[in-house]
> 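Take a look at this one; I'll ask things after.
In this text the structure is predicted, and so the values were computed from the model without any measurement. Hydrogens, waters and symmetry mates are skipped; everything else that's a heavy atom, side chains included, is used.
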Amino acid sequence: MQGFESGSPAQPADLGTNSHENARKPIGFVADVSGSGGVIGIDLARLKECMADDDASVALSGQVGCPVKIRVGNSWLLATVRNQRQDAAFEGGVIAQIDFLGEGDEERLTGRLYGFRRGVTRFPVPGALVYPATSADLRQVYASDGRSSIAIGTVFPTRDIRAGVYIDALLGKHFALLGSTGTGKSTSAALILHRICEMAPDGHIVMIDPHGEYSQAFRHTGQLLDVTNLQMPYWLMNFEEHCEVFLTTQGAERQLDADILAKCLLQARMKNRLAEQVGRITVDSPIPYLLSDLLLVLQNEMGKLDKGHGAIPYMRIKAKVDEIKGDPRYQFMFSGMLVGDTMVDFLSKVFRLPASGKPITIIDVSGIPSEITSTVVAVLSRLVFDYAIWSRDEETQPILLVCEEAHRYVPNERVASNSSAAKVLSRIAKEGRKYGVSLGLITQRPSDLAEGVLSQCGTIISMRLNNERDQAFVRAAMPEGARGFLDAIPALRNRECIICGEGVSIPVRLSFDDLEEARRPASADPSFSELWARSGGEDMAVQRTVQRWRSQSR
């Protein structure tokens with residue numbers, strides 16, 4: 001291979017007697033250098049020698065997605081291989097593009113890398129030698145720098161180097177967990193949350209669970225809420241959320257209905273003696289009121305109209321309130337038992353204040369009627385944000401809000417949504433960190449997620465993505481230095497991921513730890529072959545299912 005044998009810079013006299021033979025010999029040389037990466041030539045014969053090495057890092061060194069190190073003076077520059085191609089100019093070798101990750105010092109006795117730091121201050125020159133990165137090198141690279149961290153897996157391609165994320169950076173600047181269905185996304189999300197709960201048993205985590213998967217995983221360590229025990233008072237809704245529930249019209253008619261509802265809702269809130277104590281209140285103030293009072297105000301206002309002129313908007317709103325009040329599916333929120341001032345107890349229960357050894361609340365919204373699910377998510381999200389704003393005079397109690405199936409509630413511009421859930425989650429993404437509110441987004445369709453929200457996530461955890469549009473979307477959201485890793489996203493195995501951003505020192509590919517069966521979410525795919533091979537009891541199962549179906553309860 002021209003330029004690598006006699007014409008290359010001489011190999012250093014000694015890289016340490018303790019190093020393996022393969023680690024002490026170069027595998028190639030630098031051919032071209034740019035600001036964030038470069039081009040190297042790799043000797044195929046050396047690559048084959050390394051493949052037989054006992055050290056997994058050395059065995060994969062120089063291959064796509066794997067690290068190499070480059071000698072720069074008395075220090076080492078670490079880079080990852082982005083791609084490889086043959087070139088007629090390099091007989092017996094291949095050309096590879098690399099991305100620079102960071103640099104570290106060289107231990108004089110062993111030649112190993114230590115004191116690793118992100119970024120590059122000294123660039124190599126063409127002709128600089130390229131060496132395999134050993135597991136000992138990577139152990140230094142991925143070692144914690146002393147900040148609080150949680151270990152969630154093993155660094156690829158090593159077998160024993162622990163991979164972790166810095167918890168303050170992960171939560172302080174939001175994070176997103178992305179991955180196609182079936183890649184182990186839910187189990188990985190549960191693993192991360194379990195690790196956070198173990199590190200912070202007095203933490204405050206709220207998770208929106210749209211499929212009822214996570215109750216099983218956190219039944220011993222979390223507060224579990226669903227339609228049977230959520231008991232979320234309707235009067236906690238602000239005016240915009242009231243409009244989503246009580247108004248059925250669009251366009252000019254909706255604006256007329258909204259004006260009527262605002263006037264009547266404020267009067268209903270004013271009837272509570274709390275309004276007198278507070279003084280000036282608005283239509284958004286969380287003051288309890290009776291639905292019967294709202295209906296009475298609507299009736300009275302309608303009675304003031306001349307000869308019934310313009311009564312239709314009042315009748316529309318009144319009919320909708322009556323409908324919801326009498327529908328048993330809405331009892332978790334619009335029950336007549338929820339008229340008392342329970343705001344303090346509700347916030348304490350949902351936000352885990354105090355945590356009492358159960359730092360996470362799983363809110364199962366799968367049993368909530370679909371037409372109101374988005375509004376319930378909006379109310380819960382807004383309460384988290386509003387609490388953080390109004391508690392600024394108190395000692396800060398950071399809250400992590402985790403939203404599964406995030407693309408449902410914060411869709412992109414192609415599926416433009418003016419829902420209150422989209423607005424409040426977008427606001428949390430932009431402003432939440434100022435008030436101690438962290439946002440965790442989990443989705444299998446990142447391309448359907450609002451781009452502005454994903455761009456606010458400081459840490460991106462990407463599992464395998466099968467859709468090309470999703471891959472392109474994530475590629476655009478990740479920093480330039482992670483591009484070599486990004487090309488591996490379609491080829492990731494189940495429960496493998498790429499992490500880049502604030503939560504890690506440098507981009508990393510890792511395999512998630514195994515999670516005990518009892519701590520996994522109920523998200524496993526059914527085995528058709530096994531289940532269809534069984535028979536018996538189907539008639540009773542259908543009867544029980546129909547009974548639950550009719551009663552709209554589980």
Side-chain angles (χ1 to χ4, degrees), residues 1 3-4 8-9 11-12 15-16 19-34 36-53 55-85 87 90 93-106 110-114 116-120 122-142 155-158 161 481-488 498 505-509:
M1 183 171 166
F4 178 63
S8 302
Q11 179 185 340
L15 289 183
S19 298
H20 192 280
E21 188 68 20
N22 277 321
R24 291 185 292 162
K25 294 180 180 178
I27 60 172
F29 67 96
V30 175
D32 185 53
V33 178
S34 62
S36 61
V39 176
I40 61 174
I42 303 177
D43 185 352
L44 283 176
R46 284 287 298 122
L47 212 56
K48 290 177 181 176
E49 289 176 7
C50 289
M51 287 180 185
D53 202 282
D55 186 328
S57 301
V58 174
L60 289 174
S61 195
Q63 299 185 33
V64 173
C66 298
V68 294
K69 61 183 184 182
I70 303 166
R71 174 170 291 284
V72 183
N74 292 322
S75 61
W76 290 114
L77 177 62
L78 196 76
T80 183
V81 177
R82 183 187 295 194
N83 56 38
Q84 293 178 347
R85 63 179 173 83
D87 193 305
F90 295 98
V94 293
I95 294 295
Q97 281 187 300
I98 57 171
D99 297 304
F100 297 143
L101 297 176
E103 59 191 6
D105 300 318
E106 178 191 2
T110 65
R112 291 175 181 167
L113 180 152
Y114 77 97
F116 181 81
R117 50 210 172 265
R118 196 173 188 168
V120 182
R122 291 186 64 188
F123 288 88
V125 296
L129 294 178
V130 178
Y131 292 85
T134 67
S135 291
D137 294 329
L138 297 185
R139 193 169 280 108
Q140 289 293 320
V141 170
Y142 294 107
V155 174
F156 177 88
T158 70
I161 297 178
R483 295 297 166 86
F485 289 89
L486 291 179
D487 293 337
I498 306 291
S505 298
I506 59 171
V508 58
R509 175 177 173 178

> What are the two closest non-hydrogen atoms of I161 and Y142, and how far apart are they?
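Closest heavy-atom pair between I161 and Y142: CG2-CB, 4.3 Å.
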> Go through it in stages, so that I can follow the logic: the residues are I506 and F116, the test is side-chain contact (heavy atoms from CB on, under 4.5 Å), and I'd like the CA-CA distance, side-chain angles, deciding distance and then a yes or no.
CA-CA 10 Å; I506 59 171; F116 181 81; 3.5 Å; yes
> Measure across L77 and G102 and return the closest heavy-atom pair with its distance rounded to 0.1 Å.
CD1-O, 3.2 Å
> From N22 CG over to S57 OG, what is the distance, rounded to the nearest 0.5 angstrom?
12.5 Å
> Once salt bridge (Lys or Arg N to Asp or Glu O under 4.0 Å) is applied, do any residues pair with D32, and if so which ones, sequence neighbours excluded?
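D32 satisfies salt bridge (Lys or Arg N to Asp or Glu O under 4.0 Å) with no other residue.
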> From Y131 OH over to K25 NZ, what is the distance, rounded to the nearest 0.5 angstrom?
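Rounded to the nearest 0.5 Å, the OH-NZ separation comes out at 11.5 Å.
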> With heavy-atom distances below 4.5 Å as the criterion, would you say the side chains of C66 and V81 are in contact?
no
> Using 0.5 Å steps for rounding, measure from the OG1 atom of T158 to the CZ atom of R509.
11.5 Å
> Is I42 close to V130 at the side-chain level, that is, under 4.5 Å between some pair of heavy atoms?
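Heavy-atom side-chain distance check fails, nothing below 4.5 Å.
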> Is the shortest heavy-atom distance from the side chain of V141 to the side chain of S505 under 4.5 Å?
no
> Looking only at non-hydrogen atoms, find the nearest pair between G62 and I27 and report the distance.
CA-CD1, 4.2 Å
> N83 and Q97: side-chain donor and acceptor closer than 3.5 Å?
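Short answer, yes.
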> Holding to salt bridge (Lys or Arg N to Asp or Glu O under 4.0 Å), I want the full list of residues that pass it with D55, two or more places apart in sequence or in another chain.
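Counting only residues at least two positions away or on another chain, D55 forms no salt bridge (Lys or Arg N to Asp or Glu O under 4.0 Å).
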> Over all heavy atoms of both residues, which pair between A128 and R71 is shortest? Give the atoms and the distance, please.
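So the minimum-distance heavy-atom pair works out to CB-O, 3.8 Å.
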